[in-house]
Amino acid sequence: MFKQFKREVETALKKAIEDAGYRVNDLELGISPFADLATTVCYRIASSYKVPPDRAAKKIVEAMDTSDMPLIGEVKASGPYINFYTSDRFLTESLRAILKGDLGFESKDEVIILEHTSANPDGPLHIGHIRNTVIGDTLARILRRAGMRVEVEYYVNDMGRQAALVVLGLERFELDRSKKIDHAIADVYVKANRLIEENPELKSEVDQLIRRYEEGDEEVTARFREAVILSLEGIRQSLLRLGVDHDLFVWESDFVRTGDVSKIISWMKEDGSIPLVEKEGALMLDLSEAGFDKEFVLCRSDGTSIYATRDLAYHRFKARRGDRVIDVFGADHKLISSQLSYILGKMGVKKPEIVIFEFVSLPEGSMSTREGKFISCDELIDEVEARARIEVDKRRGDLPAEKRAEIARAVARGAIRYDIVKVSPEKPTVFDWDKALDFEKQSAPYLQYAHARCCSILRKVGGWDVREEEISAIPLDLLRTDQEIKLIKMLSKFSYIIEEAARTLKPNLLATYAKDLVDSFNLFYRDCPVLNAEDDLRKARLALVEATRIILSETLETLGIEALEEM
RNA sequence: GGGCCCAUGGCUCAGCCUGGAUAGAGCACCGGCCUUCUAAGCCGGGGGUCGGGGGUUCAAAUCCCCCUGGGUCCGCCA
């Protein structure tokens with residue numbers, strides 16, 4: 001409902017400014033600590049019309065007509081600011097809409113292809129990869145919640161040197177089958193790297209594997225397939241533990257096999273809109289026109305293709321199927337992805353929107369799968385879950401063991417996801433076990449706990465079973481304490497926040513909202529008894545608890561955190 | 001060497017895109033609150049030259065330039 005309120009304010013303000021005899025480009029409306037919405041537009045008017053900003057504010061407020069604006073309560077000039085407040089009707093309508101299942105979204109006719117994670121199949125996901133995973137998956141959930149159709153894809157780098165090294169390693173070292181399969185693959189990969197370092201002459205063998213795979217050699221293809229499928233199996237298990245499921249796994253070798261890669265190369269040769277350079281048999285693009293000082297290599301001197309070229313083919317494939325293409329990439333891909341975008345533009349292919357996140361490092365330095373220096377996603381989940389189990393056991397000895405295990409799993413998944421998503425992607429982070437295992441205020445369990453409290457109250461009255469026709473009869477206008485008003489306003493902002501997060505592709509906005517929402521609920525919980533309230537007030541407060549439960553569970557669901565009914 | 005990102009209380013962060021009214025949280029620290037809906041909670045307290053310097057502006061944590069420190073990229077790797 002906040003969106004409608006904002007729309008009303010925009011309409012009324014725009015007209016009032018005109019009627020006061022001014023003209024502006026931007027209404028400069030924003031959420032303020034002093035009002036529900038406030039504008040600073042009078043400063044602008046002051047400088048262009050040479051009037052004191054306070055006078056402009058007063059004049060605009062006098063010209064303001066809000067008689068057709070049921071959601072606007074009060075409008076006040078406060079010095080140079082104009083403050084807008086919601087009406088009583090706004091509060092009641094907001095709650096009523098939520099209780100009736102209208103959360104303020106409309107479905108949009110837009111298909112988005114979103115790629116995230118796409119880790120190399122050379123070992124398990126580690127805590128750096130899952131920053132990509134959590135940002136990507138949360139974005140997908142936000143966009144879906146905002147009404148878009150989203151297809152989530154994982155690009156499998158099966159043709160690279162890493163995959164080839166695993167293949168080489170598998171031929172010489174035994175897989176430790178007692179381990180989770182992707183971890184066993186990592187062991188082999190680390191050993192293969194060491195082997196190559198000690199015997200550099202083996203490098204040509206790797207090159208050969210790559211070439212034979214690209215040529216479609218059956219025996220080699222089968223070996224690559226097996227290695228990659230094994231890694232992917234383990235990776236998918238880890239993703240599932242985080243509540244993440246891709247719609248499609250796209251193998252880069254497909255683009256070589258279908259001829260898409262060679263089509264792109266011949267297009268480059270014929271079209272000529274990007275200058276082509278040949279150096280010792282290798283084919284490159286000269287991108288100096290766009291300010292890139294190094295050439296962009298299309299294919300190696302031995303004729304084999306290169307990751308970046310295959311990625312061009314993949315992006316063309318994505319662009320054909322979606323109205324928008326979104327990629328979630330690590331900061332190391334910044335340069336290559338801007339080159340990619342430039343080339344796609346020249347090819348007449350829709351450019352991707354790229355969300356970049358900075359690296360996660362360990363206190364002792366950066367991670368490396370090759371050197372076996374990393375904390376795996378599985379290890380992290382295991383540790384957090386074990387810690388959560390201790391906490392659950394401490395508090396809920398009354399529950400059966402399976403139930404406690406289930407709660408611990410949900411708490412662990414949530415804690416990990418929230419810990420990652422609450423930090424904005426451009427911030428480089430250092431992993432910290434103490435923070436990961438902290439279940440206090442700025443954490444998922446804090447949010448889940450508030451949801452459980454809502455459920456607990458509702459459980460005590462036998463659950464919420466008010467039919468839609470009866471909702472209008474609930475005396476919601478009794479909810480007028482500061483705590484109640486604040487909470488209702490928070491609830492009304494859900495769709496507004498989702499759309500902001502979707503527009504700016506910033507999932508951390510929703511994390512902040514979730515915490516603010518729960519803060520407001522906790523104040524209400526402390527000061528406003530529900531079950532012990534007088535008849536009508538009790539009904540109204542129960543409705544507010546139900547509305548909070550709805551919005552909070554929607555928020556948690558969108559963050560990929562399970563909304564627990566008890567914990 | 002060049003490009004991009006980051007720097008906000010002891011620690012971890014929000015706010016920066018779109019400049020405005022007292023810079024918000026959490027952890028840690030100190031002091032309170034379980035005979036009332038789950039204390040993974042709530043209340044109070046101390047603690048900040050928003051890395052440094054210049055500039056733009058009536059107004060800068062927010063925009064621009066320079067510097068410092070950290071990260072990252074600049075492969076016929078992915």
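Throughout, protein chains are lettered first and strands after them, A, B, ... in sequence-line order, and every chain is numbered starting at 1. These numbers come from the heavy atoms of this one structure, side chains and all, not from hydrogens, waters or symmetry mates. Because the structure is predicted, anything quoted here is derived from the model rather than measured.
- Distances from the side chain of A/Lys294 to the nucleotides B/C76, B/G75, B/U22 place B/G75 closest.
- Figure legend: cation-pi geometry between A/Lys493 and A/Phe2, with NZ or CZ positioned under 6.0 Å from the six-membered ring centre and within 45° of its axis.
- Per the stacking criterion (ring centres < 5.5 Å, plane angle < 30°), A/Phe359 does not stack onto the base of B/G71.
- When both pairing distances are held under 3.5 Å, B/G19 makes no Watson-Crick or G-U pair with any nucleotide shown.
- The stacking criteria are not both satisfied for A/Tyr81 over the base of B/G20, which would need a centre-to-centre distance under 5.5 angstrom and an angle between ring planes under 30 degrees.
- For B/G10, the paired nucleotide is B/C27, the pair qualifying as Watson-Crick or G-U wobble because both relevant distances are below 3.5 Å.
- With hydrogens and angles ignored, no donor-acceptor pair under 3.5 angstrom links the side chain of A/Gln162 to the base of B/C77.
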*Indicate for each nucleotide in nucleotides 2-12 of chain B, in 5' to 3' sequence, whether protein heavy atoms under 4.0 Å reach the base (B), only the sugar-phosphate (S), or nothing (-).*
--SSSS----S
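- B/G20 atom P lies 14 Å from atom CG of A/Leu29, rounded to whole Å.
- For a distance-only test at 3.5 Å, the side chain of A/Ser32 qualifies as a donor-acceptor partner of the base of B/A21.
- When each of B/A78, B/A40, B/C58 is scored by its nearest atom to the side-chain atoms of A/Tyr43, the top-ranked nucleotide is B/C58.
- Both A/Ser456 and A/Met159 sit near RNA chain B, but only A/Ser456 has its closest nucleotide nearer the 5' end.
- Base pairing analysis places B/C34 opposite nothing; no Watson-Crick or G-U wobble pair with both distances below 3.5 Å involves it.
- Contact annotation: side chain of A/Asp158 to base of B/A78, donor-acceptor pair absent below 3.5 Å.
- Outside the 6.0 Å centre-distance limit, the rings of A/Trp251 and A/Phe249 are not counted as a close aromatic pair.
- One atom, CD of A/Gln339, and another, P of B/C73, lie 14 Å apart when rounded to the nearest Å.
- For the P atoms, the distance linking B/C76 with B/C17 amounts to 39 Å, nearest Å.
- Checking B/C76, B/C17, B/C42 against every side-chain atom of A/Leu523, the shortest atom distance belongs to B/C42.
- Between the C1' atoms of B/A61 and B/A23, the separation comes to 7 Å (whole Å).
- Comparing B/G69 with B/C30, their P atoms sit 38 Å apart, to the nearest whole Å.
- Comparing B/C50 with B/G15, their C1' atoms sit 11 Å apart, to the nearest whole Å.
- Look at CG on A/Leu165: it is 11 Å from P on B/A78, rounded to the nearest Å.
- Between the side chains of A/Arg310 and A/Ser305, a donor-acceptor pair is found at a separation under 3.5 Å.
- For B/U18, its base never sits under 3.5 Å from the side chain of A/Arg44 at any donor and acceptor pair.
- Checked for salt-bridge contact, A/Glu391 and A/Arg395 meet the test: a charged N lies under 4.0 Å from a carboxylate O.
- With a cut-off of 3.5 Å on both Watson-Crick or G-U wobble distances, the partner of B/U56 is given as none.
- Across all strands, A/Val530 comes closer than 4.0 Å to base atoms (heavy-atom distances).
- Base orientation of B/C74: anti, the glycosidic angle falling outside 90° of 0.
- Between A/Arg225 and A/Asp158 no salt bridge is recorded (no basic side-chain N to carboxylate O distance below 4.0 Å).
- If A/Glu566 and A/Ala38 are placed on RNA chain B by their nearest nucleotide, the residue sitting closer to the 5' end is A/Ala38.
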*asked:* One pair to check against ring-ring contact (aromatic ring centres under 6.0 Å, His included): A/Phe439 and A/Tyr446. What are the steps and the verdict?
replied: CA-CA 7 Å; A/Phe439 299 147; A/Tyr446 172 75; over 10 Å; no
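- Ion pair A/Glu566/A/Arg396 flagged as a salt bridge, since at least one NZ, NE, NH1 or NH2 atom sits closer than 4.0 Å to an Asp/Glu carboxylate oxygen.
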*Residues A/Ser301, A/Glu280; criterion side-chain hydrogen bond (donor to acceptor under 3.5 Å, both in side chains); working and verdict*: CA-CA 6 Å; A/Ser301 348; A/Glu280 292 142 30; 6.0 Å; no
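- Here B/C4 sits opposite B/G71 as a Watson-Crick or G-U wobble pair (both hydrogen-bonding atom distances under 3.5 Å).
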